[in-house]
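One structure is given here, and the rest of the page talks about it.
These numbers come from the heavy atoms of this one structure, side chains and all, not from hydrogens, waters or symmetry mates.
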Amino acid sequence: VETLADHPQIIGIKEASGDLERIKDTLAKTGSRDFFVISGDDEKTLKMMDAGGVGVISVASNVAPGKVSQMVHYFLNGNHDAARDLDKKLSPLYDALFPRDKEGKSNKSPNPVMAHYALERLDRALERMNLNVGVPRLPLMRGAPEERTAMYKVLGALNLL
């Protein structure tokens, strides 16, 4: 990445490894260049930005674009407390988008199944989005019932429905 950061046609990297030490190392080695490190992991966005990252390529922003955008803008404008408060409110959405079992392993519904379900619910609730998300294409199936229920509750708690 350090070598690629010197290439005139490469302006940044989406970092979704989840390894904050690796990310900090990348930021340290590329920090003097005009090179961006962008989070690809919703739940680690603010930690990355705190280390020098500049934003997020977000799954959650497909479901709650205004809230994710506001969180990033708060942080970039120095209002870190407001950014952290909003991130905390969005945390259940991150969890519902990527369900895990008690050991922290991915659960029944793979990415992007829960995002698909959330958009389906939003489309029905708002009746003006015309997303027409339909059903997931094979080999993906609809999310597990308990995961769909959890997502529906999160959408309601975030006042998205």
Side-chain angles (χ1 to χ4, degrees), residues 1-122 129 131 133 136 140 143 147 150-151 153-161:
V1 172
E2 187 177 5
T3 301
L4 293 172
D6 289 327
H7 193 285
Q9 291 182 316
I10 298 176
I11 63 166
I13 186 170
K14 173 187 172 187
E15 176 54 74
S17 70
D19 182 346
L20 199 55
E21 290 309 310
R22 174 180 150 178
I23 294 162
K24 287 178 181 179
D25 185 57
T26 299
L27 285 160
K29 290 179 178 176
T30 62
S32 63
R33 299 165 179 87
D34 192 16
F35 185 81
F36 302 105
V37 178
I38 303 164
S39 175
D41 183 343
D42 285 300
E43 66 182 338
K44 289 194 172 60
T45 297
L46 292 186
K47 288 179 183 172
M48 283 186 61
M49 292 180 72
D50 204 31
V54 296
V56 63
I57 297 172
S58 166
V59 174
S61 68
N62 288 287
V63 178
K67 292 178 187 308
V68 173
S69 177
Q70 186 65 59
M71 178 189 71
V72 170
H73 283 282
Y74 280 151
F75 195 91
L76 291 173
N77 290 319
N79 194 344
H80 297 179
D81 289 339
R84 286 186 180 91
D85 288 345
L86 192 46
D87 184 54
K88 188 174 182 177
K89 289 176 186 169
L90 288 167
S91 182
L93 177 61
Y94 309 151
D95 293 340
L97 285 166
F98 300 99
R100 303 200 181 286
D101 64 17
K102 292 178 182 174
E103 287 81 43
K105 296 178 185 168
S106 290
N107 218 353
K108 298 175 184 174
S109 301
N111 181 26
V113 170
M114 295 315 299
H116 188 279
Y117 174 74
L119 292 173
E120 177 187 339
R121 296 307 312 163
L122 291 174
M129 294 175 69
L131 297 175
V133 294
L140 299 176
E147 294 168 357
M151 176 60 77
K153 288 179 182 177
V154 167
L155 295 174
L158 288 171
N159 295 317
L160 296 173
L161 295 176

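- Among all heavy-atom pairs drawn from Gly40 and Lys14, the shortest one is CA-CE, 3.6 Å.
- Shown here for Ala60 and Leu97, the closest heavy-atom pair between the two residues is CA-CD1, 3.6 Å.
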Asp87 and Tyr94: CA distance, side-chain angles, deciding distance, side-chain hydrogen bond (donor to acceptor under 3.5 Å, both in side chains) verdict: CA-CA 10 Å; Asp87 184 54; Tyr94 309 151; 2.8 Å; yes

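- Here the straight-line distance linking atom CD of Glu120 with atom CE of Met151 works out to 11.5 Å at 0.5 Å rounding.
- Under the 4.5 Å side-chain criterion, counting only non-hydrogen atoms from C-beta, Leu46 is in contact with Arg84.
- Ile10 contributes atom CD1, which lies 10.0 Å from atom OG1 of Thr3 (distance to the nearest 0.5 angstrom).
- At a threshold of 4.5 Å between non-hydrogen side-chain atoms, the residues Met49 and Ser39 do not count as touching.
- Using a 4.5 Å cut-off on side-chain heavy atoms (C-beta onward), Val63 and Leu122 make contact.
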Verdict with reasoning, Ile38 to Glu15, per side chain to side chain contact (heavy atoms under 4.5 Å, CB included): CA-CA 6 Å; Ile38 303 164; Glu15 176 54 74; over 6 Å; no

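- Here ring pair (Phe, Tyr, Trp, His ring centres under 6.0 Å) pairs that include residues 2-61, with residues two or more places apart or in two chains, number zero.
- Here the CG atom belonging to Asp19 is positioned 11.5 Å from the CG atom belonging to Asp41, to the nearest 0.5 angstrom.
- Contact of the Ile23 side chain with the Lys44 side chain is not registered, since no non-hydrogen atoms from C-beta on lie closer than 4.5 Å.
- The nearest pair of heavy atoms linking Thr30 to Glu2 is CG2-CA, 4.1 Å.
- Atom CZ of residue Arg22 and atom CG of residue Leu27 lie 11.5 Å apart, to the nearest 0.5 angstrom.
- Of the N and O atoms on the side chains of Glu43 and Thr45, not one donor lies less than 3.5 Å from an acceptor on the other residue.
- Test Ile13, Asp25, Val37 against Val1 for side chain to side chain contact (heavy atoms under 4.5 Å, CB included) and you get one pass: Ile13.
- Sorted by first and then second residue, the ring pair (Phe, Tyr, Trp, His ring centres under 6.0 Å) pairs with a member in residues 56-82 read Phe75-His80; sequence neighbours excluded.
- The two residues Pro112 and Leu140 make their nearest non-hydrogen contact at CD-CD1, 3.6 Å.
- Contact check for Leu90 versus Lys67: side-chain heavy atoms found under the 4.5 Å cut-off.
- Applying the 6.0 Å contact sphere to CG of Asp6 captures more than 12 heavy atoms from other residues, nucleotides or ligands.
- Heavy-atom neighbours of Leu76 CG from other residues, nucleotides or ligands within 6.0 Å: above the threshold of 12.
- Separating the CD atom in Glu21 from the OG1 atom in Thr26 is a distance of 11.0 Å, to the nearest 0.5 Å.
- The side chain to side chain contact (heavy atoms under 4.5 Å, CB included) search around Ser61 returns Ser58, Val68, not counting sequence neighbours.
- Interatomic distance, CD1 of Ile11 versus CG of Asp34, reported as 8.5 Å (0.5 Å rounding).
- By the 4.5 Å heavy-atom criterion applied to side chains, Met48 and Lys24 are not counted as neighbours.
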